[in-house]
2 protein chains.
Amino acid sequence: MLKTHSALQELLVRDKRTVDKGSILKSEADESRERFYVLEGWLAASKSLQDGEQQTLDFVLPGESYDPTSADYRTSFVQLEVLCDAVIAIIGRAEWERLLQDHSDLQYSEKINEIAAQARHSERMLRLGKSSAETRIAYALIELCMRLTAINLTEDGAFQVPLGQKQLGDFTGLSSVHVCRTLRRMNRLGLITTQDHMDITIHDVSKLAEHAEVDLGTLRKEIIPGAA
Amino acid sequence: MLKTHSALQELLVRDKRTVDKGSILKSEADESRERFYVLEGWLAASKSLQDGEQQTLDFVLPGESYDPTSADYRTSFVQLEVLCDAVIAIIGRAEWERLLQDHSDLQYSEKINEIAAQARHSERMLRLGKSSAETRIAYALIELCMRLTAINLTEDGAFQVPLGQKQLGDFTGLSSVHVCRTLRRMNRLGLITTQDHMDITIHDVSKLAEHAEVDLGTLRKEIIPGAA
DNA sequence: CGTTCAGTTGAGTTGCTTCAACCCGTGTGG
DNA sequence: CCACACGGGTTGAAGCAACTCAACTGAACG
């Protein structure tokens with residue numbers, strides 16, 4: 001179960017709603033409700049080029065929140081897509097600000113979340129710029145596994161991601177075809193197994209970490225908020 | 001001249017120091033001074049892989065500040081390198097927090113800065129994942145030009161960047177050799193000219209924007225803090 | 001039973017990398 | 001003042017990783 005800050009509870013219950021897989025989240029018309037808080041399910045924050053090529057910047061997992069508003073407070077600089085039937089709450093900006101003011105511990109934990117998100121982005125950018133397909137995918141799997149473990153959504157290195165290979169490609173900057181080949185290769189190496197629509201099991205974390213070129217310990221401290 | 005928030009002035013004068021090109025900024029031993037505020041010069045925030053490959057995540061330009069501390073408040077998740085002789089101030093975390101508490105307008109403008117930085121990262125990630133060398137470099141030049149223009153460091157589309165082609169490659173995820181080729185091609189197309197050690201002039205912004213696959217208007221609103 | 005959609009696999013192409021040679025401006029020491 | 005080394009930029013040639021295109025499979029569904 002997801003543990004949420006007590007001050008948030010009431011808000012989340014009041015404003016929560018279920019959204020269908022595939023829908024795109026838009027800010028409300030009044031422009032004052034902007035913060036999307038995920039209770040269940042996954043969101044993807046992506047950007048796309050004119051030609052339709054898409055890059056996923058981050059996934060928003062249960063317990064995380066995302067504000068897609070850009071600096072002019074008018075438009076959104078990303079597209080938020082719902083990857084599987086989800087439960088989310090939409091929180092008004094004013095309300096959110098008030099909450100942060102009133103609860104310094106919430107403010108603190110949100111700050112930690114932000115730093116962790118920044119660290120994740122850095123790791124991904126590094127690999128996007130300088131690494132092979134294998135490293136990128138290995139890293140992505142490790143990151144997702146860690147984040148899911150932190151919210152008890154893994155079991156012994158096994159977890160589900162509501163992603164097709166195309167979407168994993170959008171995340172790692174690869175074509176779906178190449179994602180496929182790379183996953184199969186890792187399969188053959190005994191690092192992981194994948195079952196239908198992305199039931200993933202990591203068999204040898206430390207070997208996988210080598211391929212991802214990460215140090216598991218440091219990575220955890222950097223990208224998991226509140227990891228000792 | 002750089003305009004800074006009045007509440008910062010005193011702090012900046014008190015704590016400012018000059019640092020030499022090439023040096024690496026480390027947090028102070030007491031771990032309480034972490035926010036680097038740049039008054040003059042450029043910093044580069046980078047990460048590297050075991051094999052030494054480096055990716056620059058962002059440049060820190062005059063008037064911007066950067067806190068490299070990771071979520072555990074102990075280590076830094078990036079390396080901060082000084083790209084040319086610079087003047088910076090190092091501000092203690094507690095002091096910084098206090099300042100933000102006391103001056104809501106400063107807090108606001110820092111928030112805007114953060115959102116703008118996030119938008120920039122998104123644009124870069126998109127191109128890192130899905131674009132050609134030409135698009136990446138064109139985008140990088142436009143971004144730098146815009147940011148420098150905002151602080152009056154350009155003149156008619158001409159500006160200097162304290163970067164070699166290797167460093168531009170680290171920023172765009174390309175080899176220095178390919179950066180060279182791409183710059184020369186843009187040169188031949190009449191888009192830009194480059195002189196010794198990166199005196200860049202953009203001749204045809206809108207044409208360059210096409211290559212970068214950006215809309216100049218929206219980009220400006222998204223990545224320049226306080227652009228109307 | 002046919003259609004659709006995601007994944008898989010092969011073949012051929014391409015864009016970027018690596019390696020290597022060369023040029024040129026700058027600094028340095030005899 | 002010249003000789004030389006050095007670091008960055010430039011260019012060519014060759015290699016390779018990832019892409020595209022296309023065909024096939026198998027599962028899900030009406």
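By convention in this document, chain letters (A, B, ...) are assigned in the order of the sequence lines, proteins followed by strands, and residues within each chain are numbered from 1. If you're wondering where the values come from, they're calculated on a predicted model, not measured in any experiment.
G169(A) comes within 4.0 angstrom of nothing in the nucleic acid, heavy atoms only. Within the nucleic acid shown, S176(A) has no heavy atom closer than 4.0 Å to any nucleic acid atom.
Going from atom CZ of R184(B) over to atom P of dG12(D) covers 11 Å, rounded to whole Å. The separation between E53(B) atom CD and dA17(D) atom P is 15 Å, rounded to whole Å. For E134(B) and dC16(C), the CD to P distance is 9 Å, given to the nearest whole Å. As rounded to whole Å, 15 Å separates atom C1' of dG9(D) from atom CD of Q195(B). Between the CZ atom of R185(B) and the C1' atom of dG12(D) there is a distance of 15 Å, rounded to whole Å. At whole-Å resolution of the value, CE in M198(A) and C1' in dG7(C) are 9 Å apart. Nucleotide dT9(C) holds its P atom 11 Å from the CG atom of L183(A), rounded to whole Å. Remark: P of dC19(D) and NZ of K166(A) are 11 Å apart, rounded to the nearest angstrom.
Considering all non-hydrogen atoms of both residues, V38(B) and L61(B) come closest at CB-O, 3.8 Å. Nearest heavy-atom pair, Q54(A) versus D170(A), reported as atom, atom and distance to 0.1 Å: O-OD1, 3.4 Å.
In this structure, NZ on K130(B) lies 9.0 Å from CG on L128(A), to the nearest 0.5 angstrom.
No more than 12 heavy atoms of other residues, nucleotides or ligands shown are found within 6.0 angstrom of CG on D156(A).
Side-chain proximity of V177(A) to the nucleotides dT9(C), dC19(D), dG9(D) is greatest for dT9(C). Nearest nucleotide to the Q165(A) side chain, out of dT11(D), dT8(C), dA18(D): dT8(C). Taking every side-chain heavy atom of C180(B) into account, dT10(D) is the closest of dA18(D), dT10(D), dT8(C).
Side-chain N/O atoms of R181(B) include none lying less than 4.0 angstrom from OP1 or OP2 on dT10(D). Phosphate contact (OP1/OP2 of dA18(D), side-chain N/O of S175(A), threshold under 4.0 Å): absent. At dA6(C), none of the side-chain N or O atoms of Q167(A) fall inside 4.0 Å of OP1 or OP2 (strictly under the cut-off).
Aromatic ring centroids of F59(A) and F171(A) lie under 6.0 Å apart.
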